[in-house]
Trainee: 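Next up is a structure, given as structure tokens.
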Amino acid sequence: MNGHGEYKMPGGKLVVADVAIAGDLLVRVAISGDFFLEPDEALDAMNRALVGMPCAAASDVLAAAVAAALPADARLFGISPDAVAVAVRRAIDGAAA
């Protein structure tokens with residue numbers, strides 16, 4: 001099952017999440033949008049952190065996983081781990097509908 005979710009952070013940028021779900025787990029996550037981040041590897045770290053997460057995970061759990069996976073020198077411009085979590089949660093919920 002696949003899902004797509006979008007979230008525009010207030011005062012920030014658009015975050016898009018495309019997910020693939022197998023059973024009750026996220027098996028593929030692709031975060032994109034019109035935001036900026038440094039270093040480039042931070043995007044891969046976010047995607048990897050979300051793979052394997054249960055679909056029932058609350059937004060705060062997803063946000064904590066994203067924040068923990070970011071390199072120490074990561075800089076996010078226009079988004080936050082919470083915004084990523086909202087987009088992922090919307091993708092999961094949309095896939096289940």
Side-chain angles (χ1 to χ4, degrees):
M1 182 171 6
N2 295 320
H4 176 85
E6 298 181 1
Y7 177 68
K8 183 171 183 323
M9 189 171 125
K13 300 291 186 174
L14 177 69
V15 181
V16 177
D18 289 296
V19 302
I21 299 167
D24 64 346
L25 299 176
L26 294 172
V27 295
R28 185 185 56 77
V29 177
I31 303 299
S32 62
D34 65 354
F35 57 87
F36 300 96
L37 53 77
E38 293 176 346
D40 292 339
E41 297 78 29
L43 184 60
D44 291 334
M46 288 193 293
N47 290 330
R48 282 192 308 272
L50 294 165
V51 170
M53 295 292 290
C55 291
S59 288
D60 61 332
V61 173
L62 297 171
V66 169
L70 289 171
D73 63 342
R75 295 177 47 196
L76 307 176
F77 302 96
I79 64 165
S80 67
D82 290 322
V84 172
V86 170
V88 170
R89 190 71 253 157
R90 287 181 177 180
I92 293 168
D93 294 343

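Keep in mind that what you see is a predicted model, and the values were worked out from it rather than measured.
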Trainee: If two hydrophobic side chains count as joined below 4.5 Å and joins carry through other members, does V88 share a cluster with L43?
Mentor: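 Shared cluster, yes.
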Trainee: Considering non-hydrogen atoms only, spot the tightest contact between F35 and F77 and give its length.
Mentor: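 Closest pair (atom of F35, atom of F77, distance): CB-O, 3.6 Å.
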Trainee: V19 and L14: same hydrophobic cluster, using ILVMFWY side-chain contacts below 4.5 Å?
Mentor: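 No: no chain of side-chain contacts under 4.5 Å links V19 to L14.
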Trainee: Would you say V86 and V61 are hydrophobically clustered, going by side-chain heavy atoms of ILVMFWY under 4.5 Å?
Mentor: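 No, it is not one cluster - the side chains of V86 and V61 are not joined through contacts under 4.5 Å.
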Trainee: For D40, check side chain to side chain contact (heavy atoms under 4.5 Å, CB included) against everything at least two apart and list the hits.
Mentor: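 Result, side chain to side chain contact (heavy atoms under 4.5 Å, CB included) vs D40: none returned.
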Trainee: Quick check: closest heavy atoms across A17 and A91, and the distance to 0.1 Å?
Mentor: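 What the structure gives for the nearest pair is O-CB, 3.6 Å.
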Trainee: Do I21 and V27 have side chains that get closer than 4.5 Å, going by heavy atoms?
Mentor: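 When only atoms from C-beta onward are counted, V27 and I21 do not touch, as no gap falls below 4.5 Å.
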Trainee: Which pairs, with at least one residue in residues 75-91 and sequence neighbours excluded, count as a salt bridge (charged side-chain N to carboxylate O under 4.0 Å, His left out)?
Mentor: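 Qualifying pairs, neighbours excluded: E38-R75, R89-D93.
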Trainee: Could you list all the salt bridge (charged side-chain N to carboxylate O under 4.0 Å, His left out) pairs where at least one residue sits in residues 44-71, not counting sequence neighbours?
Mentor: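 Every pair satisfying salt bridge (charged side-chain N to carboxylate O under 4.0 Å, His left out) with a residue in residues 44-71: there are none.
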Trainee: If you compare all heavy atoms of A95 against all heavy atoms of M1, which two are closest, and at what distance to 0.1 Å?
Mentor: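 So the two residues come closest at O-SD, 2.7 Å.
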Trainee: Nearest heavy-atom pair of A42 and A74: which atoms, and what distance?
Mentor: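 For A42 and A74, the tightest heavy-atom pair comes out as CB-CB, 4.3 Å.
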Trainee: Going from CD1 on I79 to CD1 on I31, what distance comes out if it is rounded to the nearest 0.5 angstrom?
Mentor: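 I79 CD1 to I31 CD1: 8.0 Å, rounded to 0.5 Å.
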Trainee: Keeping to residues at least two apart or across chains, list the side-chain hydrogen bond (donor to acceptor under 3.5 Å, both in side chains) pairs with something in residues 6-15.
Mentor: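 Those involving residues 6-15 are H4-E6.
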Trainee: Taking salt bridge (charged side-chain N to carboxylate O under 4.0 Å, His left out) as the cut-off, I'd like each qualifying pair that reaches into residues 17-32, sequence neighbours left out, listed once.
Mentor: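 Sorted pair list comes back empty.
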Trainee: Looking at every non-hydrogen atom in both residues, tell me the closest pair between V84 and V15 and how far apart they are.
Mentor: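 For V84 versus V15, the nearest heavy atoms are CA-CG1, 4.0 Å.
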Trainee: Any idea which heavy atoms bring A85 and S59 closest together, and the distance?
Mentor: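 Heavy atoms only, the tightest pair is CB-O, 3.3 Å.
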Trainee: For V51, give me all partners under side chain to side chain contact (heavy atoms under 4.5 Å, CB included), at least two apart in sequence or on another chain.
Mentor: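 For V51, the residues satisfying side chain to side chain contact (heavy atoms under 4.5 Å, CB included) (neighbours in sequence not counted) are V29.
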Trainee: Please determine whether residues L76 and L50 belong to a single hydrophobic cluster, defined as Ile, Leu, Val, Met, Phe, Trp and Tyr linked transitively by side-chain heavy-atom distances below 4.5 Å.
Mentor: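 Yes: a chain of side-chain contacts under 4.5 Å links L76 to L50.
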Trainee: Enter the distance from L25:CG to C55:SG here, rounded to the nearest 0.5 Å.
Mentor: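 If we round to the nearest 0.5 Å, L25:CG and C55:SG are 6.5 Å apart.
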Trainee: Out of curiosity, M53 CE to L62 CG, how far, rounded to the nearest 0.5 Å?
Mentor: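 The CG atom of L62 is 5.0 Å from CE of M53, to the nearest 0.5 Å.
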